[in-house]
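Working notes, beginning with the structure itself.
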Amino acid sequence: MLESSKDSLKLEAMKRIVGLIAKGKNASELFPAVVKNVASKNIELKKLVYVYLVRYAEEQQDVALLSICTFQRALKDPNQLIRASALRVLSSVRVPVIVPIMMLAIKEAATDLSPYVRKTAAHAIQKLYSLEPDQKEHLIEVIEKLLKDKSTLVAGSVVMAFEEVCPDRIDLIHKNYRKLCNVLVDVEEWGQVLIINMLTRYARTQFLSPWKQDEIFEENCEQAFYGSDDERNNKSEPTSKPYVMDPDHRLLLRNTKPLLQSRNTAVVMAVAQLYWHLAPRSEVSLVTKSLVRLLRSHREVQFIVLQNIATMSIQRKGMFEPYLKSFYVRSTDPTHIKTLKLEILTNLANGANISTVLREFQTYVKSQDKQFAAATIQAIGRCATNISEVTDTCLNGLVLLLSNRDETVVAESVVVIKKLLQTQPTQHSDIIKHMAKLLDNIAVPMARASIVWLIGEYCERVPKIAPDVLRKMAKAFTCEEEIVKLQTLNLAAKLYLTNAKQTKLLTQYILNLGKYDPNYDIRDRTRFIRQLIVPNEKSGALSKYAKKIFLASKPAPVLESPFKDRDRFQLGTLSHTLNTKASGYLELSDWPVMAPDQSVRNVEVVEPFTQSTTLAGKVKAAKPDDAFYSGSGDEEASGSGSESCSSEESGSDSESGSDDEENGRKKSSSDSASSSNSSSSSGNESRSSQSESGSKKKNLKKRNPRKNKKSCKNKSENDKITKSGSKTKTDSVSSESEESSSEKSSSSSESGSEPETDSDSGTDQKKQKPKPKKEETKEAREKTTKQEVSLLDLDDFAPVSMPTAPRPAMLSPSLITDLEGLSLLNTSLSIDVTSPVYVPAKSHELLHRMSGKGLAAQYHFPRQPCIYSSDMVSVQVTLTNSGDQTVEDIHIGEKKLPSGLQIHDFNSIESLEPGASITVSMGIDFNDSTQAANFQLCTKSDQFNVSIQPAVGELLLPVTMSEQDFRTQQGKLTGMNESAATISVNQENSSSRAIVHKVVTAANLGVVPSAEDRIHRNDLQTL
Amino acid sequence: MIHSLFLINSAGDIFLEKHWKSVVSRSVCDYFFEAQEKAVDVENVPPVIPTPHHYLISIYQDKIFFVAVIQTEVPPLFVIEFLHRVVEMFRDYFGECSEAAIKENVVTVYELLEEMLDNGFPLATESNILKELIRPPTILRSVVNSITGSSNVGETLPTGQLSIIPWRRAEVKYTNNEAYFDVVEEIDAILDKSGSTVFAEIQGVIDASIKLSGMPDLTLSFMNPRLLDDVSFHPCVRFKRWESERVLSFIPPDGNFRLMDYQVSSQNLVAIPVYVNHNINFKESGSSGRFDVTVGLKQNMGKSVEGVIMTVHMPKVVLNMNLTPTQGTYTYDPVTKILTWDIGKINPQKVPNLKGVICLQSGAPKPEENPNLNIQFRIQQLAVSGIKVNRLDMFGEKYKPFKGVKYVTKAGKFQVRT
């Protein structure tokens, strides 16, 4: 039928074949006939052929290859479903020959426009990996790319690929951590489970333990209680500085909490384990309710959840105590669920609730399910040992059970009583007597052995009965089980030692019996005991101590929960369920002692405060305009702002000598401007500078429109972001620049970032600022942190936070010259390059330490005017030697620059010790393009090719002017340079600060104070 | 993740197998059979069974074992939850999840499984999406297909798969726009010998049946949302709004779905609607016992209690029972030792009673414990917790839908210890 020309017949045939496959019958001989139909137009037929192919291609690789080109064609199909399914089948066909084709297809699909196809690509990664692990490196690249994907559809799949292929490459997660946390709620449920599990592992390696504080607190309490000596107190002092949870850690906890309400039990469990492993102790109990809810679910779900609760309840009784009744057993539960519930009840029992628990147990003991009843008796025993108040009650109850009709119950009780008696043997001789009587009726070997042992152990308390028991046992010795025989031997030996007169003959009789026992263990024991206790000339020293050996007091056994050691596994995992390590189980690491660098997660953040101070000299030198600000700043800014201003002013003065010519002039202009706000003199000055830079004018003019256009685009891009107000901020700028530049970027840069992220990290780095307390509502918190950021970022530049205050007009000299070249009307304009409103601390990787043989290099844009040339962008390169040998003579080697680009080298570094790092600054003239600057970074022995790729926003320089001037300038610009957009912002972003913040995050821009506080203008000057 | 799936019927035959990665021999199921044998009762088969190279995770539903084969570490609940989702999907497609239904629709089943998992990882588990990809079999459609030659497999990617609301398909159209909600509450309780409550709680669900055109945005509010203690939602419900306003705001999936699960706070005392008087005893000597059980209405709630059924697992030594009911019918199965008494509707005036003699195996010792009584009942038009839906508003569409809410109270795991 497969050869038929009619689709319907073929379909019918395929259905039958699939039926055969489903039954597990072999249909492989039809392979060639089926493969022919792979190109069929009929979708259903096609799908069935796919099913067939995937099943049998591994067996018939040669024929399967015939179908490959069909898939390749389908990969280009306009229908995304067909593209995806083609990729699915292509990757599922396990034929090693096509690995390169698969690799290519995956790479292509990873950049597909349809997220569905990208998702399929993520799945294909694992398939390829399992087929050909050698491709790991390439696959990791794809994973890295897909991790950045913004679609929630892809997130789950790619995390799974990550877990399968390279779970140890935690560094890939850093940059995506916050994104993953934020989209978590929107990811499909299966992806959620995986992401949560992965993030649990991640968080354990990246954050400090939130439990420490509790411990320290407890410790301190203890010390106070015992009247601690000063020494110890001092010791704990440095560690006891208040623990503050990493905001990222908090973000994770906050974002997973709503998922406790998921209908998917796996998600709830995943969140529960996350809280268990990561949350501060006080917050773990949040998950209790949800876990208890899961107990309503299917039997299998109950089983797993109960297991996990059992483990949890050992460590944290309080968590589940209010829900004690939810663990009451129903007679209809399957046995394994009953035992688990029993386990939990036992764990939860304490002095307060023991009476209710025991009453419950009483009914369980009578259960028809004898296995369960026996387990209950064990549980009672455990309760009795754990809670000393009820030991007697339990013991009495158990003794009553001895008269039970069911043998297993009685036997179990005997065993448990034995254990209990051992803990407090003093006053229970009547129980022992009672048990001795029972010996006649009980047949279960374990119970008999227990009784015999008991009597032997406490034979001195029951001197009359013990020999009698021995007599009885001797009679039946030959028919007993081994375990009973062994105990009988023990009993005999003990009696012989304490009461030789009465039992000598009996003992000898038993020893004789034992000597000829079929079991070698018993023969062995017999010989041993004979030598030990029967005095003869050979056994000298030992027999003296026989009494000590046999009648030493034995420690009572500890009745422990079988779930005691399960907490070594991550909750909710297969390994935890089985209590053995399953293959592929990833160990949950311990908390780090020191917090790893949290800035690695920053997608783009403010510059670390410490760094900026160490660099102060250079930075300030390149910032002469500060002096100007201090003048105006005094009027507007709060007291603290002005103070730091003046200090910087002096710094800049002393350094100004090193400035190049133009900068020097800039400074003088700004100085004069500070003396008289918006004076015409500065205008004149700048005009004089105009003539000098006349040669450059043409160049600038030519470039400016293009630049402006780009930046306008940029601006509108940012506007969009603000407008949408969505949580995930895109890296629109970088993508923009990537598009416009040649596809050379080795390390793509993300310059967009979410406001929350920034403000969060901002808080940490400013240690001197009071930390916002978590009790505050989220919104309030955001506000405060934002304010902090803006205050600190600007160093001394308060006006941004008071946008309505008037400010003197400023414009950069080069732009004004340029503009004045167009029209000479602006006489009253004062101009200056402003200090950057915002400095991102995101550093880009220049050289990874692996590829650099221990030498790592990172670069970032400090957004300062370059000291080497005004055309250059200053770039700071941080070189770190992470290897174990000193790296010598680091310098820049051969440069392969596109035309127009220039690099000002940094001074070569003579040597870099292992572990040391050094920051150098260099200047690059990107020639207003976003082309990457490629050059070689050389050490004494090696050369590494590296490249620096600028984002558009980094090529700009902020200037300041008054609103009025802005309008004038705006009017003069041609339409190409103008970009207007009306932004409707949502509530949380409605403050002017927030908008400004977002814009400056993306590009190096200044801010014009505006009377209408909904309009923000950004002005800029190209370099 | 999930490597393979085997479906095994109660007779121990593997009647369907599906592999997502390389083929795993069905002999791996021998380990499962071994465990099954050891467990005696099907209910007692452990859900997770380790074997030397694989791990078997199984669920038991509708007399079929779904055995998933796993090779590496994976959260077991992940697999269990997925298997249950498969069962649900079968029920959704074929009306039931029986061996016969699966065998009959084996191709659809295969196509479904293919779509639900890719390389062992769930791909599409939303019924709305799957139904667009693979249309459920109906007689009408199969007739049409055989004539026109069209297939019942969707040709384009379902729109829901890509949207942020994957549970709803686009372009839904109905002539009658209806939205029905069933508030179903179940009383879980354990009563002790004397009739006092050991443990009782109320669990509820809201099932919805939504047939609305377009993209309606619904808001459901309660009169007394404070009663709800712990809730879990269908992914469509906006959690933020629930947290802030205690209303359910959602764009519903098309068709039937479970909107939410809830638990009523345990502080509230649960009103148990029925009482049970029982007197079961086995004579010490001889091979007989007495059985006398009365089920009555405890308090008058103004509603009648219907569908009352009592089941008792009798001890093994009980050979037969000779009883006379004053109402309804009873059956005793001597093999499974289950006594079922179907009472029906309880009349407040006449209290149903079941009385008679128990025949025991001669010579065997009398059972020391009386069997527990499991009771089922149903009360229409009543939510025992007192929860009430206040109103349902619709936004986003112009038409006026027909709305309805139904309340039912049922017995959940309602057990009387004797």
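First the proteins, then the strands, lettered A, B, ... as listed; each starts at 1.
Contact check for Y60(B) versus E300(A): side-chain heavy atoms found under the 4.5 Å cut-off. With a 4.5 Å cut-off on side-chain heavy atoms, I190(B) and K325(A) do not count as touching. At least one side-chain heavy atom of V198(B) sits under 4.5 Å from a side-chain heavy atom of E360(A). Between Y116(A) and L123(B), the closest side-chain pair of non-hydrogen atoms falls below 4.5 Å. Put simply, the side chain of R85(B) reaches to within 4.5 Å of the side chain of N264(A), judged on heavy atoms.
For E164(A), the part lying near chain B is the side chain, with the backbone staying farther off; criterion is any non-hydrogen pair under 4.5 Å. For N374(B), the part lying near chain A is the side chain, with the backbone staying farther off; criterion is any non-hydrogen pair under 4.5 Å. With a threshold of 4.5 angstrom between heavy atoms, R330(A) approaches chain B through its backbone and through its side chain. Residue contact with chain B, scored on non-hydrogen atoms closer than 4.5 Å, is absent for I337(A). Neither the backbone nor the side chain of Q273(A) comes within less than 4.5 Å of any heavy atom of chain B. Interface residue E189(A): only side-chain heavy atoms are found under 4.5 Å from chain B. With a 4.5 angstrom heavy-atom cutoff, V267(A) does not touch chain B via any of its atoms. Using a 4.5 Å cut-off between heavy atoms, L7(B) does not touch chain A at all. Heavy-atom distances place the side chain of I80(B), and not its backbone, under 4.5 Å from chain A. Heavy atoms closer than 4.5 Å to chain B are found in both the backbone and the side chain of V301(A). S91(A) does not touch chain B: none of its heavy atoms, backbone or side chain, sits under 4.5 Å away. Interface residue W20(B): only backbone heavy atoms are found under 4.5 Å from chain A. Contact annotation for K193(B): only side-chain heavy atoms (C-beta onward) come within less than 4.5 Å of a heavy atom of chain A. When heavy atoms are compared at a cutoff of 4.5 Å, V329(A) approaches chain B solely by way of its backbone atoms N, CA, C and O. Only the side chain of F239(B) comes within contact range of chain A, with heavy atoms under 4.5 Å apart.
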(request) Output, in order, the C-alpha distance, side-chain angles, deciding distance and verdict of salt bridge (Lys or Arg N to Asp or Glu O under 4.0 Å) for R88(A) and E115(B). (result) CA-CA 11 Å; R88(A) 270 177 70 186; E115(B) 280 310 322; 3.6 Å; yes

(message) Checking K289(A) against D229(B) for the side-chain contact (heavy atoms from CB on, under 4.5 Å) test, could you report, in this order, the C-alpha distance in whole Å, the side-chain angles of both residues, the deciding distance, and whether it holds?
(response) CA-CA 9 Å; K289(A) 217 187 252 180; D229(B) 190 26; 3.1 Å; yes

(request) Run the numbers on L574(A) and I57(B) for side-chain contact (heavy atoms from CB on, under 4.5 Å), then give the verdict. (result) CA-CA 10 Å; L574(A) 186 61; I57(B) 298 185; 4.2 Å; yes

(message) For a salt bridge (Lys or Arg N to Asp or Glu O under 4.0 Å) check, start with the C-alpha distance between K127(A) and D118(B), then their side-chain angles and the critical distance, and finish with the verdict.
(response) CA-CA 10 Å; K127(A) 298 184 207 166; D118(B) 179 18; 2.9 Å; yes

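Taking all atoms of both residues into account, the shortest heavy-atom contact from S262(A) to S232(B) is O-CB, 3.6 Å. Annotation for H336(A) and N44(B): closest pair ND1-O, 3.3 Å, computed over non-hydrogen atoms. Closest heavy-atom contact between G572(A) and P76(B): O-CD, 3.1 Å. Between R55(A) and V23(B), the closest heavy-atom pair is NH1-CG2, 3.1 Å. Nearest approach of P235(B) to R263(A), heavy atoms of both residues: CD-NE, 3.3 Å. Nearest heavy-atom pair across A22(A) and Y110(B) is CB-CE1, 3.4 Å.
Between the Q261(A) side chain and the F233(B) main chain, no donor and acceptor come within less than 3.5 Å of each other. For the pair R293(A) (side chain) and V231(B) (backbone), a donor-acceptor distance under 3.5 Å is present. At least one donor-acceptor pair under 3.5 Å links the side chain of E81(B) to the backbone N or O of T265(A).
Under the salt bridge (charged side-chain N to carboxylate O under 4.0 Å, His left out) criterion, no residue pair touches residues 70-79 of chain B, with sequence neighbours excluded.
Scored by the side-chain contact (heavy atoms from CB on, under 4.5 Å) test, A189(B) finds I187(B), A200(B), I272(B), F414(B) as partners (sequence neighbours excluded).
Between chain A and the residues Q71(B), K316(B), Q203(B), the most heavy-atom pairs under 4.5 angstrom are made by Q203(B). Taking H84(B), K18(B), K21(B), H19(B) one by one and counting their heavy-atom pairs under 4.5 Å with chain A, the maximum is reached by H84(B). Comparing L194(A), T120(A), V268(A) by how many heavy-atom pairs each has under 4.5 Å with chain B, the most go to L194(A). Between chain B and the options T332(A), L571(A), V54(A), the largest number of non-hydrogen pairs under 4.5 Å is found for T332(A). Looking only at heavy-atom pairs under 4.5 Å with chain B, the residue among G191(A), S331(A), S151(A), P334(A) that has the most is S331(A). Ranked by heavy-atom pairs under 4.5 Å with chain A, the list D188(B), D261(B), V237(B), I70(B) is led by D188(B). In terms of non-hydrogen atom pairs under 4.5 Å with chain A, the most contact-rich of V106(B), I59(B), L16(B), V109(B) is I59(B).
Annotation for K23(A): atom NZ does not count as buried by contact number, only 12 or fewer foreign heavy atoms lying within 6.0 Å. Heavy-atom contacts from other residues, nucleotides or ligands closer than 6.0 Å to CD of Q371(A) number 12 or fewer.
Between R296(A) and E201(B) there is no salt bridge, since none of the side-chain N atoms of the basic residue sits less than 4.0 Å from a carboxylate O of the acidic one. Here K413(B) does not pair with D333(A) in a salt bridge; the nearest charged N to carboxylate O distance is not below 4.0 Å.
Taking the six-membered ring where the residue is Trp, W190(A) and F82(B) present perpendicular rings, their angle passing 60° and hence far from 30°.
Put simply, CG on N119(B) and OG on S92(A) are 6.5 Å apart, with the number rounded to the nearest 0.5 Å. With rounding to the nearest 0.5 Å, the separation of OH in Y364(A) from CZ in R417(B) is 5.0 Å. In this structure, the separation between OG1 on T577(A) and CG on L77(B) is 7.5 Å, given to the nearest 0.5 Å. We find the OG-CD distance between S326(A) and Q263(B) to be 6.5 Å, quoted to the nearest 0.5 Å. Separating the NZ atom in K15(A) from the CG atom in N105(B) is a distance of 10.0 Å, to the nearest 0.5 Å. Here CZ of F78(B) is found 11.0 Å from CD of Q192(A). Values are rounded to the nearest 0.5 Å.
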